[in-house]
Amino acid sequence: MLSPTDAVIAVTHRCNARCVMCNVWKREEPDRLAPEHMRRLPVSLKTVNLSGGEPFLREDLPEFVREIRRRCPRAVITISTNAFLCDRIESMMDEIPRIDPTVRLAVSLDGLGDVHDNIRGVPGAYEKAITLIGRLRAKRYGGLRLSMTLSRGNLEQLCDVAELADQLGVELGVLAAHGVKTHLEVEPGVFGDFLEKPAWLHEPFEAVISRWLKSSDPRRWMRAHFAAWTYYYLTDRPWRYTCRAGEDFFFLQADGCVYHCSVQGKVMGNIIDQPWEAFWYSPTAEEARKAARNCPEHCWMICTVRSVYRKKVKRILLWILWAKFRAHLGRFRLKRQKK
């Protein structure tokens, strides 16, 4: 029995940002997905990321959280936001934790000042993010975290954003910009030339990873491991794992289409028009799973590699022990990219 554990749900195509790594804001089709459709989700889910577009453009976002919490009692729900709608987000984040106190909010922060503004394509984006973070911290909201999407335009600011996260007392997640065909409409591989693999790429990664390894927080050790393999992904040496997209993970788009992953974008069915079992166990879905198992991309996104972490615990812990020992000696180094 195939029981998915992880999902990303784009509740809207609409977006008020103009990000350089995303074209979702160019889409014009209406959002079909509604809160009641969450009642069709598999109850086995352990993590759900509510994304978009910008999810806070949906006035009924709290109802999405309510329905997911009822349907998937074990799921940890994270909402991703660009923080542009400060007042609305603050108001909704007064309401949403009353529905589910465990909900987490991931605020995108891709650099400091103009760097973040340029990547998000809107002047003042950085100030809006900082304003929202300040308001939520003042209210002692404990589910706050930052998310940094790495591209050629902000690699040199990785250390600065990590330091800011420490000052704010919040977690920082880092991920590489990926081509995403489904909702972002960016072709896979498009960032190869954009990144240009600068010779100094290892420096900010080593500094941040060493800082996290030296901490006493196991969550930071895990983030250090993920960041290390983000570096290897960017330097064309990814972790070559067998992808379980379409088995452990699926992506649900705002038109109701269920994809086995968000990068290759093979449609398995539509949650609005079909019962879950009708498409999840269909020959079409099995073809998508087969494509995932043979996929050459080896993407490094937490949504699809969570299953790798669950299955490779021993290997990951051994790396952490080795790397942590090296970091405390001041000798942690990433394997350099070939010249």
Side-chain angles (χ1 to χ4, degrees), residues 8-19 22 24-25 31 33-35 38 47-70 72 75-149 154 160-175 183 219 254:
V8 172
I9 301 175
V11 297
T12 181
H13 297 121
R14 293 173 291 151
C15 193
N16 47 5
R18 300 293 182 266
C19 301
C22 171
V24 69
W25 54 273
D31 302 324
L33 207 60
M38 301 300 97
T47 70
V48 176
N49 176 228
L50 294 180
S51 183
E54 169 52 45
F56 284 94
L57 287 170
R58 295 282 308 235
E59 295 184 358
D60 55 357
L61 183 61
E63 292 307 309
F64 275 92
V65 174
R66 190 187 307 278
E67 294 293 348
I68 294 170
R69 174 50 58 232
R70 288 173 177 170
C72 309
V76 176
I77 302 171
T78 301
I79 306 172
S80 298
T81 181
N82 59 29
F84 287 10
L85 302 172
C86 290
D87 293 341
R88 176 183 289 189
I89 296 171
E90 182 182 6
S91 177
M92 284 192 181
M93 291 311 296
D94 286 336
E95 179 182 359
I96 288 174
R98 290 197 291 267
I99 298 170
D100 180 2
T102 67
V103 164
R104 306 189 300 182
L105 184 71
V107 177
S108 297
L109 196 69
D110 297 327
L112 306 186
D114 290 343
V115 173
H116 180 71
D117 289 3
N118 292 338
I119 289 175
R120 292 288 156 175
V122 176
Y126 177 76
E127 288 303 322
K128 291 176 181 178
I130 294 300
T131 297
L132 177 64
I133 293 167
R135 291 181 184 180
L136 295 180
R137 290 183 70 236
K139 292 185 175 183
R140 301 186 181 279
Y141 171 62
L144 188 63
R145 61 234 319 88
L146 303 183
S147 177
M148 184 179 188
T149 301
N154 65 350
D160 295 329
V161 175
E163 184 175 349
L164 176 61
D166 285 347
Q167 292 173 0
L168 296 172
V170 297
E171 295 182 21
L172 170 65
V174 298
L175 66 153
H183 60 310
R219 292 173 300 180

Ser91 (side chain) donor-acceptor with Asp87 (main chain) under 3.5 angstrom: no

Min side-chain heavy-atom separation Glu171-Leu146 under 4.5 Å: no

Test item: side-chain donor near acceptor, Thr81 and Glu54, under 3.5 Å: yes

Phe56 backbone acceptor or donor facing Arg88 side chain under 3.5 Å: yes

Spatial distance of atom CD1 (Ile77) from atom OG1 (Thr47) [nearest 0.5 Å]: 10.5 Å

Asp160 side chain near Leu164 side chain, heavy-atom distance below 4.5 Å: no

Minimum heavy-atom distance between Pro97 and Tyr141, given as atom pair plus value: CG-CE1, 4.1 Å

Main-chain N/O of Leu168 paired to Arg137 side chain as donor or acceptor, under 3.5 Å: yes

Beyond-backbone contact of Ser80 with Asn49, side-chain heavy atoms, under 4.5 angstrom: yes

Glu59 CD: over 12 foreign heavy atoms closer than 6.0 Å: no

Distance-only polar pair, side chains of Asp31 and Thr12, donor-acceptor under 3.5 Å: yes

CZ-CD1 distance between Arg104 and Ile96, expressed to the nearest 0.5 angstrom: 14.5 Å

Student check: side-chain heavy atoms of Leu50 and Thr78 closer than 4.5 Å: no

Least distance between heavy atoms, Pro55 atom then Gly52 atom: CD-N, 4.2 Å

Derivation and outcome, side chain to side chain contact (heavy atoms under 4.5 Å, CB included), residues Val122 and Asp117: CA-CA 6 Å; Val122 176; Asp117 289 3; over 6 Å; no

Check: Val48 and Val8 side chains under 4.5 Å, non-hydrogen atoms: no

Beyond-backbone contact of Pro35 with Arg58, side-chain heavy atoms, under 4.5 angstrom: yes

Between CD1 on residue Ile119 and SG on residue Cys19, distance to nearest 0.5 Å: 8.5 Å

Single hit among Leu109, Val161, Asp166 for side chain to side chain contact (heavy atoms under 4.5 Å, CB included) with Leu172: Val161

His116 side chain vs Asp110 backbone, donor-acceptor pair below 3.5 Å: yes

Lys139 vs Asp94, side chain to side chain contact (heavy atoms under 4.5 Å, CB included): CA-CA, chis, key distance, verdict: CA-CA 9 Å; Lys139 292 185 175 183; Asp94 286 336; 3.1 Å; yes

Sidechain-backbone polar pair: Asp100 side chain, Arg69 backbone, donor-acceptor under 3.5 Å: no

Heavy-atom side-chain proximity of Pro62 to Met92 below 4.5 angstrom: yes

CG-OG distance between Leu105 and Ser147, expressed to the nearest 0.5 angstrom: 11.0 Å

Closest contact, heavy atoms only, Asn82 versus Ala17: ND2-CB, 3.8 Å

By side-chain hydrogen bond (donor to acceptor under 3.5 Å, both in side chains) - contacts of Asn118 (at least two apart): none

Heavy-atom closest contact (Leu33 atom, Phe64 atom, distance): O-CZ, 3.8 Å

Side chain to side chain contact (heavy atoms under 4.5 Å, CB included) between Thr149 and Ser108, intermediate numbers included: CA-CA 8 Å; Thr149 301; Ser108 297; 5.8 Å; no

Closest contact, heavy atoms only, Ala83 versus Val107: CB-CG1, 3.9 Å

Close side-chain approach of Arg120 and Phe84, heavy atoms under 4.5 Å: yes

Reported CD1-to-CD distance for the pair Ile68 and Glu63, which is rounded to 0.5 angstrom: 11.5 Å

Pairwise distance CG(Asn154) to CE(Met148) - rounded to 0.5 angstrom: 4.0 Å

